[in-house]
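Worksheet for the structure shown next.
Counting from 1, the numbers follow the sequence of the chain as shown.
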Amino acid sequence: MASVLTLMRPMKEGDGHYSYSRNSLLQREGVEIAKVLIKDAIAERLDLEQVISSSSPSRAFTIADLGCSCGPNATIAVQNIIECVKHKHQSYSRNQGSLEFQVFFNDLPSNDFNTLFKSLPVDRQYWASGVPGSFLGRSFPRASLHFVHASYALHFVSVTPKELVDENSPAYNKGRISYNKSRKEVVEAYSAQYRRDIEAFFSSRAEELVAGGLMALLIPCLPDGVPPSNCSSFATIDLLEASLFDMAELGLVSEAKVDSFNMTKYHPTQWELEALVKENGCFNIERIEAIVRPGDGLEKISDINMVILHLRAIWEGLIKQHFGDDIVDELFHRWSQKIAGSSLFLRQVEYKHVTELFFLLKRNLA
C-alpha cells in the first residue's frame, strides 16, 4: 500500500450537534481561567507606549489569535485582552488619545470562518479580519503585531512523520496510531516533527511581533517524569486504536488503512518548550504557570455522551480525511462504549492528566 501521511485538520465545523463550537467547553474553561494571567501580563509586562510607537503612527493595537477555530472561545480571549489593554491605556496620567484595536483570527484555510464571524459580538469595539493559513509560517507583515494569543493549538504536529508509514524504517508504526507504547524511534520521529513545527512557529512570530510585544500560549503538556502510557490523554487514544482494529477484524475497514493512520497529537514537556524558546533566542520567558481547574478535566465528566462529543469535535475531521465518511458514526459509537467501560472512565486506574501550561513570552528589544 502506498504511504499515506496524516495532515492536521481543523476542528468540526458549523454549530450543529457534533460541532466544536458546541463541544469545546473544556477549552473555554481553560481560556477563562487564563484570563487573570493575561490581565497580570498586560499590567506588569506590557510597555504600551513603547510597543505602539515601535510599529505605526495609527495608534491601533493589533492582536492575533492563532488557531482560532470556529467557536466562541477566541472571542472570549480577545475581549479579555482588549479590556486589559484599554484599562492600562486609560490609567496613564497624561492624555494619550484614543486607541483602536485590530484583531486577526487565524487558522487553516479549511477552518469554518463563517461560523466564527457569526459568533462575534455585534457591539464589538474592534476591527476583525480572518487570516487563513498555517501559523507555522509567516501570516503578517514584519513588526505588525502587539499581542499574540494561541490556546489549545500547539499540541499537534502539522503532519505525521513519513517514517511512521515506511515499512523499511525503524520508526514504522504498524499496529499503533500514536507514539504511546511505541518503539523509541517512533517517539523520536514525533519529537523531531514537533521541533520543526515549533521552530517555524517561533521564527515566524519573531518576525511579526514588535519589540516588546507579548505572546500568551496555553499548551497541554506531558507532566514531568510521566510517560505517555500513564497519561489519561493517551489512554483515551488507545481506546480509539482498539476500536479501529476491532472494525478491521470485522472487515468494516482494511487493516492496511488502520496501519497507515497516525494521530497528529503530540504533548511536549515544559522542558522541551523552554529549550525551543531559548534556542530561538528572540523571546524572553516572562512566566510559566499551570492552569488549575476546579475538577480534573475530561475524565471527571460523568456524562459519556459529553466525553465523546468533545472528542468527536476535535478528531472527526482527521478521521474522515483518512477513512472517509462511512465508518465515522460506527467508530465513535464503538469508541464511546470502550471509554464508558474502561478503567479510565470508571476510575479503576489512577492516570495522570496533561498539565495545561500558560507560557508568557516577550519579544526581545534587541
What one should report as the nearest heavy-atom pair of Leu46 and Gly212 is CD1-O, 4.2 Å
Do Trp127 and Phe61 belong together in a cluster built from hydrophobic side chains that touch within less than 4.5 Å?
no
Between Val78 and His149, is there a side-chain heavy-atom distance shorter than 4.5 Å?
no
Linking I/L/V/M/F/W/Y whenever their side-chain heavy atoms sit closer than 4.5 Å, directly or via other members, would Leu209 and Leu276 fall into one cluster?
yes
Qualifying residues under side-chain contact (heavy atoms from CB on, under 4.5 Å), relative to Pro220, sequence neighbours excluded
Tyr152, His155, His267, Val354
How long is the gap from CD1 on Ile198 to CD on Glu279, to the nearest 0.5 Å?
12.5 Å
Linking I/L/V/M/F/W/Y whenever their side-chain heavy atoms sit closer than 4.5 Å, directly or via other members, would Val292 and Val226 fall into one cluster?
no
Hey, does the side chain of His146 reach the backbone of Thr62 with a donor-acceptor pair shorter than 3.5 angstrom?
yes
From Ile177 CD1 over to Ile237 CD1, what is the distance, rounded to the nearest 0.5 angstrom?
6.0 Å
Does the plane of the ring in Tyr179 sit parallel, tilted or perpendicular to the ring in Tyr190? Use 30° and 60° as the thresholds.
tilted
Donor-acceptor contact present, side-chain Lys86 to main-chain Leu99, <3.5 Å:
no
Atom pairs and distances, donor-acceptor, side-chain atoms in residues 131-139, under 3.5 Å, two or more places apart:
residue	atom	partner	partner atom	Å
Ser134	OG	Leu136	N	3.1
Arg138	NE	Phe140	O	3.2
Arg138	NH2	Phe140	O	2.9

Contacts of Gln79 that satisfy side-chain contact (heavy atoms from CB on, under 4.5 Å) - sequence neighbours left out:
Glu83, Tyr126
The side-chain contact (heavy atoms from CB on, under 4.5 Å) partners of Thr269 (sequence neighbours excluded) come to Leu222, Trp271, Glu272
Closest heavy-atom pair and its distance - Ala128, Leu120:
CB-CD1, 3.8 Å
Would Arg176 and Asp238 count as a side chain to side chain contact (heavy atoms under 4.5 Å, CB included) here? Give the steps.
CA-CA 8 Å; Arg176 308 295 307 178; Asp238 286 348; 3.3 Å; yes
Interatomic distance, Leu218 atom CG to Asn73 atom CG [nearest 0.5 angstrom]:
10.5 Å
Taking all non-hydrogen atoms of both residues, which atom of Phe147 and which atom of Ile81 are closest, and how far apart?
CE2-CD1, 3.6 Å
Okay, side chain of Ser191, backbone of Val187: is any donor-acceptor separation there less than 3.5 Å?
no
Quick one: do Asp329 and Arg312 satisfy side chain to side chain contact (heavy atoms under 4.5 Å, CB included)? Show the steps, please.
CA-CA 10 Å; Asp329 289 339; Arg312 185 163 181 165; 2.7 Å; yes
So, Glu241 and Lys181, do they make that salt bridge, N to O below 4.0 Å?
no
Can you find a side-chain donor-acceptor pair between Gln193 and Arg196 that sits under 3.5 Å?
yes
Is there a donor-acceptor pair closer than 3.5 Å between any side-chain N or O of Asn106 and the backbone N or O of Asp65?
no
Decide yes or no for Thr236 and Val307: does some side-chain heavy atom of the first lie under 4.5 Å from some side-chain heavy atom of the second?
no
Indicate yes or no for a side-chain donor-acceptor contact from Arg28 to the backbone of Pro72 under 3.5 Å, with no hydrogens or angles considered.
no
Looking at Asp224 and Lys352, does any basic side-chain N land under 4.0 Å from a carboxylate oxygen?
no
Can a donor-acceptor pair be found, under 3.5 Å and without considering hydrogens, that links the side chain of Ser169 to the backbone of Val165?
no
So CG of Asn280 and CZ of Arg205: to nearest 0.5 Å the spacing works out to 11.0 Å
Just by modelled atom types, is the Ser178 backbone N or O under 3.5 Å from a matching donor or acceptor in the Asn173 side chain?
yes
Are Val159 and Tyr172 co-members of a hydrophobic cluster defined by side-chain heavy atoms under 4.5 Å apart?
no
When you measure from the side chain of Asp107 to the backbone N and O of Ser69, does any donor-acceptor pair fall under 3.5 Å?
yes
Is Val277 linked to Tyr266 within one hydrophobic cluster, defined over Ile, Leu, Val, Met, Phe, Trp and Tyr using a side-chain heavy-atom separation of less than 4.5 Å?
yes
Measure the spacing between CG of Leu240 and CD1 of Ile339 and express it to the nearest 0.5 Å.
8.5 Å
Near Asn284 CG, under 6.0 Å, is it more than 12 heavy atoms from other residues, nucleotides or ligands?
yes
Counting only heavy atoms from other residues, nucleotides and ligands, does the tally under 6.0 Å from CD of Gln337 exceed 12?
yes
Could you tell me whether the side chain of Val328 reaches within less than 4.5 Å of the side chain of Phe323, counting heavy atoms only?
no
Closer than 3.5 angstrom, by distance alone: can the side chain of Asn180 be matched with the main-chain N or O of Ala235 as a donor-acceptor pair?
no
What is the distance from atom OG of Ser151 to atom CD of Gln27, rounded to the nearest 0.5 Å?
8.5 Å
In sequence, state the C-alpha distance, the side-chain angles, and the governing distance for Val210 and Arg363, and then conclude on side chain to side chain contact (heavy atoms under 4.5 Å, CB included).
CA-CA 7 Å; Val210 301; Arg363 181 65 171 91; over 6 Å; no
Taking only residues two or more places apart in sequence or in another chain, which ones pass salt bridge (charged side-chain N to carboxylate O under 4.0 Å, His left out) with Arg45?
Glu286
Side-chain donor-acceptor distances from residues 32-43 under 3.5 Å, at least two apart:
residue	atom	partner	partner atom	Å
Glu32	OE1	Lys35	NZ	3.3

Worked verdict on Met247 versus Ile327 for side chain to side chain contact (heavy atoms under 4.5 Å, CB included)
CA-CA 9 Å; Met247 294 179 69; Ile327 74 161; 3.8 Å; yes
Are the side chains of Leu365 and Gln50 in touch, meaning some heavy atoms are under 4.5 Å apart?
yes
